[in-house]
Engineer: 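This is the structure I want to talk about, given as C-alpha cells.
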Amino acid sequence: MCGRVIQSSSPKLLGLGIVGGLADHDTLRSNVPPRFNAAPGQDLWVIRRHPTTGEHSLDLLRWGLIPSWCKDRPAPPPINARAEMVAARPMFRHAYAKRRCIVPVDGFFEWGPGQGARTRQPYAVAMKEGTPFGLGAIWENWRDPASGEWIRTFAVITTPANGLIAAIHERMPLILDPSDYGQWLGDEPDPRDLLRPFPVEPMTLWPVSLRVNSVKNDDPHLAEPLTSGSAAGKGPDEGFP
DNA sequence: CCAGACGTTGTT
DNA sequence: GTCTGG
DNA sequence: CCAGACGTTGTT
DNA sequence: GTCTGG
C-alpha cells in the first residue's frame, strides 16, 4: 500500500518534470516547504488536467478521499483504492472515470516485517536515478457542511507489489510510466491497461531509520539518500547512487 | 419500500 | 482496543 | 501510514 | 449518488 510519500523537489520540478504543459499560475511559485515524510490528512501537490481547456495544473489537495455525496467527513477516509476494483466500486468509479490525477513524488515509504515478532521496519522506495515520478490517483470535490468550505481530496491507487517490493510488502502504489501520463490524465474513460505494477529495474529500495515513524520529524535527512552521493557511509544504503 | 453502507491495510 | 491528528 | 490519546468538573 | 440487505 502507500501511506507515506516524499515530495521534496520544488513544485516546479514536481510539475514540469512529470508532465509538460503546466498552466503557469501562482501555485508553481507558492512557498510550500518540501515534504520528506508526508502523511494522509495533509495537503500534497497533485497534477490535474482541466477537462475543457486541457491545461495541466499543480495544486494542493488533501490526502484521503471524500466522495461528493458524503454528508459527514468519513473517519478515516480511504487513502488508497485498489487497481483491481477502482473502476467498479461505487465509491471510486466516477472519480476513476472522470477525475484521474497524478501525485508527483520523489519517493514513498513501505513498512515491512521488523526484527521483533510484532515490529515493523520502514523502507524508502525511489528511482535509482533519484528523479521524481508519478503515482496514479483519483480526486473528489466535497463541501464541508459545517464550514461551507469546498475541500478537494485524493486517494492513491494501489497494485500488487512488483518483484522489488514483494520482499517487504504485498501492495505498492500505481507508478505510471512517463509515456502514459497523457493517457492517464486524458479523456479515455477506462485506461485499465495502465493499472499494472511498475517494472523493477529503474527502482531501488532501502531501509530507513525509525525516525520516519514520526510525521513531526519531517526532516531533510530522510531525503539524503535521494541525492546523488549522499548515501555514502549510511550502511544499508549500499548500491544506491 | 426504506435504511444504511459505501474503503484499504495489517494483524489476530 | 479504537479514534484522532499529522 | 504511524503516534498518541483515550476525561470531567468547576472556575477564571 | 448508488448499491445491498432486510
Engineer: Rounded to whole Å, please give me the gap between CE in Met172(A) and P in dT9(B).
Structural biologist: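 Nearest whole value for this atom pair: 13 Å.
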Engineer: Without decimals, in angstroms, what is the distance between Phe108(A) CZ and dT9(B) P?
Structural biologist: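 Between P of dT9(B) and CZ of Phe108(A): 13 Å.
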Engineer: Separation of Ile66(A) atom CD1 from dC6(B) atom C1', in whole Å?
Structural biologist: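 That distance rounds to 14 Å.
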Engineer: Under 4.0 Å between a side-chain N/O of Arg171(A) and OP1 or OP2 of dT9(B), yes or no?
Structural biologist: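 Yes.
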Engineer: Find the distance Arg120(A):CZ to dA3(D):P and express it as a whole number of Å.
Structural biologist: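 In whole Å, dA3(D) P and Arg120(A) CZ are 10 Å from each other.
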Engineer: What distance, rounded to whole Å, do you find between the two P atoms, one in dG10(D) and one in dG4(B)?
Structural biologist: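 Per the computed distance, 35 Å lies between those P atoms.
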Engineer: Do the side-chain N or O atoms of Arg89(A) get closer than 4.0 angstrom to the phosphate oxygens (OP1, OP2) of dC6(B)?
Structural biologist: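 So the side-chain polar atoms of Arg89(A) never come under 4.0 Å of the phosphate oxygens OP1 or OP2 of dC6(B).
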Engineer: Taking only the side-chain heavy atoms of Arg82(A) (C-beta and beyond), determine which of dC6(B), dT9(B), dC1(D) contains the nearest atom.
Structural biologist: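 Minimum distance to the Arg82(A) side chain belongs to dT9(B).
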Engineer: Between dG6(C) atom P and Ile79(A) atom CD1, what is the distance in whole Å?
Structural biologist: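 In whole Å, dG6(C) P and Ile79(A) CD1 are 16 Å from each other.
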Engineer: Is any side-chain N or O of Arg93(A) closer than 4.0 Å to OP1 or OP2 of dC6(B)?
Structural biologist: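 No, because none of the side-chain N or O atoms of Arg93(A) sits under 4.0 Å from OP1 or OP2 of dC6(B).
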Engineer: Between Arg152(A) and Asp43(A) (salt bridge meaning N to carboxylate O under 4.0 Å), is one present in this structure?
Structural biologist: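 Here Arg152(A) does not pair with Asp43(A) in a salt bridge, since their nearest N and O are not under 4.0 Å apart.
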Engineer: Using the side-chain heavy atoms of Met91(A), tell me which of these nucleotides is nearest: dC3(E), dG7(B), dG6(C).
Structural biologist: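 Closest nucleotide among those given: dG7(B).
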Engineer: Please report the distance, rounded to the nearest Å, between CH2 in Trp69(A) and P in dG4(B).
Structural biologist: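 Taking CH2 of Trp69(A) and P of dG4(B), I get 15 Å after rounding.
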Engineer: Considering only atom P, compute the distance from dC2(D) to dT12(B) and round it to an integer number of Å.
Structural biologist: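 It works out to 13 Å between them.
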Engineer: State which of dG6(C), dG7(B), dT8(B) makes the closest approach to the side chain of Asn80(A).
Structural biologist: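 It is dT8(B).
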Engineer: Could you tell me how far apart Arg143(A) (CZ) and dG1(E) (C1') are, to the nearest whole angstrom?
Structural biologist: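 Those two atoms, CZ and C1', are 17 Å apart.
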Engineer: Should the heavy atoms of other residues, nucleotides or ligands under 6.0 Å from CD of Glu170(A) be counted, would the total exceed 12?
Structural biologist: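 At most 12 heavy atoms, drawn from other residues, nucleotides or ligands, come within 6.0 Å of this atom.
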Engineer: Is the shortest heavy-atom distance from the side chain of Trp142(A) to the side chain of Arg73(A) under 4.5 Å?
Structural biologist: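 In contact.
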Engineer: Have a look at Ala38(A) and say if it touches a base, only the backbone sugar-phosphate, or nothing, with a 4.0 Å heavy-atom cut-off.
Structural biologist: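 If one applies the 4.0 Å heavy-atom cut-off, Ala38(A) turns out to touch nothing in the nucleic acid.
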Engineer: Within the 4.0 Å heavy-atom criterion, would you say Pro76(A) contacts the bases, only the backbone, or no part of the nucleic acid?
Structural biologist: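 Base, at least one base atom sits under 4.0 Å.
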Engineer: By the 4.0 Å heavy-atom rule, please label Thr158(A) as base, sugar-phosphate, or nothing.
Structural biologist: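 Sugar-phosphate contact only - Thr158(A) comes under 4.0 Å of backbone atoms but never of a base.
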Engineer: Examine the side chains of Asp106(A) and Ser8(A) and answer whether a donor and an acceptor come within less than 3.5 Å of each other.
Structural biologist: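 Judged by distance alone, the side chains do pair up.
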Engineer: Give none if dC6(D) has no partner; otherwise give the nucleotide forming a Watson-Crick or G-U wobble pair with it, both distances under 3.5 Å.
Structural biologist: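 Answer to the pairing question: dG1(C), which forms a Watson-Crick or G-U pair with dC6(D).
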Engineer: When you measure from the side-chain N and O atoms of Arg35(A) to the phosphate of dG6(C), is any distance below 4.0 Å, counting only OP1 and OP2?
Structural biologist: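 The answer is no; no side-chain N or O of Arg35(A) sits under 4.0 Å from OP1 or OP2.
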Engineer: Are any of the side-chain nitrogens in Arg171(A) or Glu84(A) under 4.0 Å away from the carboxylate oxygens of its partner?
Structural biologist: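 Result for this pair is yes, salt bridge flagged.
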Engineer: Would you kindly check if the NZ (Lys) or CZ (Arg) of Arg99(A) is within the cone defined by 45 degrees around the ring axis of Tyr96(A) and under 6.0 Å from the six-membered ring centre?
Structural biologist: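 Pair Arg99(A)/Tyr96(A) does not count as cation-pi.
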Engineer: Under 4.0 Å: is that the gap between some side-chain N or O of Arg73(A) and OP1 or OP2 of dT4(C)?
Structural biologist: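 So the side chain of Arg73(A) is outside the cut-off, no N or O lying under 4.0 Å from OP1 or OP2 of dT4(C).
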Engineer: Just the rounded figure in Å: distance from P of dG5(C) to CZ of Arg4(A).
Structural biologist: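 Going from Arg4(A) (CZ) to dG5(C) (P), I get 16 Å.
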Engineer: Using atom C1' in both nucleotides, what's the gap between dT11(B) and dC1(D) to the nearest angstrom?
Structural biologist: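 Nearest-Å result for dT11(B) against dC1(D) at atom C1': 15 Å.
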Engineer: Distance between the C1' atoms of dA3(B) and dA5(D), in whole angstroms?
Structural biologist: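 Nearest-Å result for dA3(B) against dA5(D) at atom C1': 33 Å.
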Engineer: If you check the Pro90(A) side chain, which of dC1(D), dG1(E), dT4(C) turns out closest?
Structural biologist: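 Of the candidates, dG1(E) comes closest.
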Engineer: If I pick the C1' atom on dG7(D) and the same atom on dC3(C), what distance separates them, to the nearest angstrom?
Structural biologist: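 Going atom to atom, C1' in each nucleotide, I get 15 Å.
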